[in-house]
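Keep in mind that this is a model prediction, so the values were computed, not measured. Chain A is the first sequence line, chain B the second, and so forth, proteins listed ahead of strands; every chain is numbered from 1.
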Protein chains: 2
Amino acid sequence: MSSPSSAASPPPPPPAEQRRPDPVRFGIMGCASIARKLARAMLLAPGAAVAAVGSRSEAKARAFAEETGLLLRHAPRLHGSYEALLADPGVDAVYLPLPTSLHVRWATAAAAAGKHVLLEKPTALCAADLDAILAACDAAGVQFMDATMWMHHPRTAKMRELVADEATTGDVRVLHYYRMIALSPLDIPPYNLLPVDVINSLFSFRANEEFLQNDIRVKPDLDALGALGDAGWYSIRAILWAVDYELPKTVIALRNPVRNQAGVLLACGATLYWADGKIATFNCSFLTNLTMDMTIVGTNGTLHVTDFVIPYEEKSAAFNMASKSKFAELHIGWDPLPSKHVVSTDLPQEALMVQEFSRAITLQVSILKAQCSGLAGGRAAMIGSGRGSRVRVTRRQGN
Amino acid sequence: MSSPSSAASPPPPPPAEQRRPDPVRFGIMGCASIARKLARAMLLAPGAAVAAVGSRSEAKARAFAEETGLLLRHAPRLHGSYEALLADPGVDAVYLPLPTSLHVRWATAAAAAGKHVLLEKPTALCAADLDAILAACDAAGVQFMDATMWMHHPRTAKMRELVADEATTGDVRVLHYYRMIALSPLDIPPYNLLPVDVINSLFSFRANEEFLQNDIRVKPDLDALGALGDAGWYSIRAILWAVDYELPKTVIALRNPVRNQAGVLLACGATLYWADGKIATFNCSFLTNLTMDMTIVGTNGTLHVTDFVIPYEEKSAAFNMASKSKFAELHIGWDPLPSKHVVSTDLPQEALMVQEFSRAITLQVSILKAQCSGLAGGRAAMIGSGRGSRVRVTRRQGN
């Protein structure tokens, strides 16, 4: 239905705040295998564009850009060094999929160059390195996010909603990075508090011989944390997610971790203890069948998900939830039965992550613009949230 | 289709070995709540009949027999003491659901009276007590079985078939009872062997205040093992089942078990270590939501079952199995997907257990008859197996 007047004159431009913001211009820094998946995500994510690809040689950057379809669709500039990528004024943010041992060097360099940082996990080899990265981002006023994609799946938000019934205390906590927990016992007094919650997480995949010989994740000079940094990262994140990021008081490694000849972990695990009696156990491994379990047992409910990191299928993901489960009469069944929840998504979780990261940057830019217009001054800090993620946006204003 | 000759004369009796054997005549010894479920099973199980009910008073025995429908359908004799039940010559086998602290006394008495013994779990408070019970059964030449019902569900047999692809070594092992593993560390040298298998089992239910104050399972003089003996029994059995009853080398309790004021365990757990690198963890509790998980991760496959002890529904039970799981291209999904297996059963698992126990007894009687006919002498020992269970049938002849 159109009126003659609307047909006669062109529609007025939308008000400024409704205009679609310019896309965040990404530079992909390194052409690791996992970067192919993120390149696809950047092609799919609204609000993002790949402006540049940097590698140790321009030829490698070109091959990557061709193979992933970036060259054809986003025509990124190709850089033959990471330094050149960071010097590119047309890059707002870098995605950094380099081996973990290079993270502290290049993430701090990116921040110093004024680029926002989307960093592959594990973020760092130790807490001190991560602190250095975060400090650099903070000092430069750039956005930081670790690339833990399953945090951005709408299933994760749905699970949080159901788990939060029991687990959250109402306050919003922020933790979108993980400080590696030392796997050595700390002595604390015994505690026998109620309620006791139990979280188990398993993440394993069976690596082939080629992987076990040559992958960066079995090399002490590249990804020295091995299975703990790769598979264990996800399990530990799942556990921390389940307890709303409350850190445990004690972590005790399982006995007999499996290491390769260079000493890199191929399989290990730990039990985590909280002061209020919560217990979590995880096992991670490169040696057993692909498994991605998160099980949360609370006083009143139980959640099961068996593909928490990479859902079985991209467009739809499920989990099972039981609440106040009882036995049927004579204990010959359950009543009520657990329910299956299916959550669909149009965009892959990696694209949602890129979108969320881009939104946070755009939001930060808007705030800065507002601040420059005299609407706010000093230090502005805010929490942005969406689709199951938490994004830290901090900005320290001049002096 | 009948011929004139068959119509004219009565059919010849079936050969002796095809005749339906007389049912095994059960005596129910104690009217615990769980006995109601077993009474129902005995009404349903082919080859079983309830010949007598014994309690501390005849009135209690009568009330139980009435309430369960036994009085109407099997017209059992009612005894006002356990001694009277054991003196009943019309009882072949006793089902013994008494509190654990009474097991050694009454199971050995039953064996001494020549009765086969179907004993509720946990079988005993310690290995020495169980050994005494087994020795008594062995000396009397009677059948022993612990009443772990899920072992007899056809789902369990189906899972065994799939797990056995990797886990079994071809030999048949027998273990239909569990010697409680001491929850204290044993020192063994470190091992780093492959393949590493992981088994996790959770069993909990949230007991109400009435249970936590008054149930026999929180009383140190009745079921002193508390949650470990009740819920933990199943998890430990699941773990041993998964490794085909190979005992672990080391068992380390989780920290901070929860006890009631009398010192009875309300929640606890442990990690079990095998010499070849297998690791299992269980948590059991009276304090968290009803949960019955068994997860087995092997080199080539993963099995998930979330209702392993009491299936969600009585007639049909499922589990999920993944085998040689890989990521789909670009790691955006799984290929192949895990498969769901559904196993149906006409008889409840408790009735299958009673049937299996009765079969073993009938088989034993047949063997004895054959032996008395001079077909075999000395010691005859055999293993009977069926529907996912293992039944020990031993008979020491003469001397």
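Contact annotation for His304(A): only side-chain heavy atoms (C-beta onward) come within less than 4.5 Å of a heavy atom of chain B. Proximity to chain B is limited to the side chain of Thr271(A), based on heavy atoms less than 4.5 angstrom apart. With a 4.5 Å cut-off on non-hydrogen atoms, Asp307(A) touches chain B through its backbone and its side chain both. Only the side chain of Thr281(A) comes within less than 4.5 Å of a heavy atom of chain B; its backbone N, CA, C and O stay farther away. Looking at Pro348(A), there are no atoms closer than 4.5 Å to chain B (heavy atoms on both sides), in backbone or side chain. Of the two parts of Ile34(A), neither the backbone nor the side chain holds a non-hydrogen atom closer than 4.5 Å to a non-hydrogen atom of chain B. Heavy atoms of Met292(A) lying under 4.5 Å from chain B belong to its backbone as well as its side chain.
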Where do Val297(A) and Ser204(B) land on the side-chain contact (heavy atoms from CB on, under 4.5 Å) test, with the steps shown first? CA-CA 9 Å; Val297(A) 184; Ser204(B) 70; 3.9 Å; yes

Assess the residue pair Leu202(A) and Val198(B) against the criterion (side-chain contact (heavy atoms from CB on, under 4.5 Å)); give the C-alpha distance rounded to whole Å, side-chain angles, the decisive distance to 0.1 Å, and a yes or no. CA-CA 9 Å; Leu202(A) 301 170; Val198(B) 176; 3.9 Å; yes

Determine, stepwise, if the pair Leu290(B) / Thr302(A) fulfils side-chain contact (heavy atoms from CB on, under 4.5 Å). CA-CA 8 Å; Leu290(B) 179 55; Thr302(A) 305; over 6 Å; no

Stepwise salt bridge (charged side-chain N to carboxylate O under 4.0 Å, His left out) check, Arg36(A) with Glu329(B): CA-CA 11 Å; Arg36(A) 292 167 58 224; Glu329(B) 173 65 13; 3.2 Å; yes

Between Leu287(A) and Thr299(B), does the side-chain contact (heavy atoms from CB on, under 4.5 Å) criterion hold? Intermediate values first, please. CA-CA 6 Å; Leu287(A) 304 172; Thr299(B) 311; over 6 Å; no

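Going from atom CG of Asp293(B) over to atom CG of Asn200(A) covers 8.0 Å, rounded to the nearest 0.5 Å. Note that the CG atom of Leu330(B) and the CG atom of Leu38(A) stand 10.5 Å from one another [nearest 0.5 Å]. A distance of 7.0 Å separates NZ in Lys326(B) from CG in Asn208(A), rounded to the nearest 0.5 Å. Taken to the nearest 0.5 Å, the OG1 atom of Thr306(B) stands 7.0 Å off from the CG atom of Asn320(A). Atom CE of Met149(A) and atom NE2 of His331(B) lie 9.5 Å apart (nearest 0.5 Å).
Looking only at distances, a side-chain donor or acceptor of Trp334(B) sits under 3.5 Å from a matching main-chain atom of Ile310(A). Side chain of Lys37(B) to main chain of Ile332(A): no donor-acceptor pair is present (N/O by atom type, distance under 3.5 Å, no hydrogens or angles). Counting only distance, with no hydrogens or angles, the side chain of Asn300(A) and the backbone of Asn289(B) share no donor-acceptor pair below 3.5 Å.
Comparing Asp335(B), Thr291(B), Leu266(B) by heavy-atom pairs within less than 4.5 Å of chain A, the highest count is held by Thr291(B). Highest contact tally toward chain B, considering only Gly333(A), Ser325(A), Ala317(A), Ser323(A), is held by Ser325(A) [criterion: heavy-atom pairs under 4.5 Å].
The two atoms that bring Ile279(B) and Arg255(A) nearest to each other are CD1-O, 4.2 Å, heavy atoms only.
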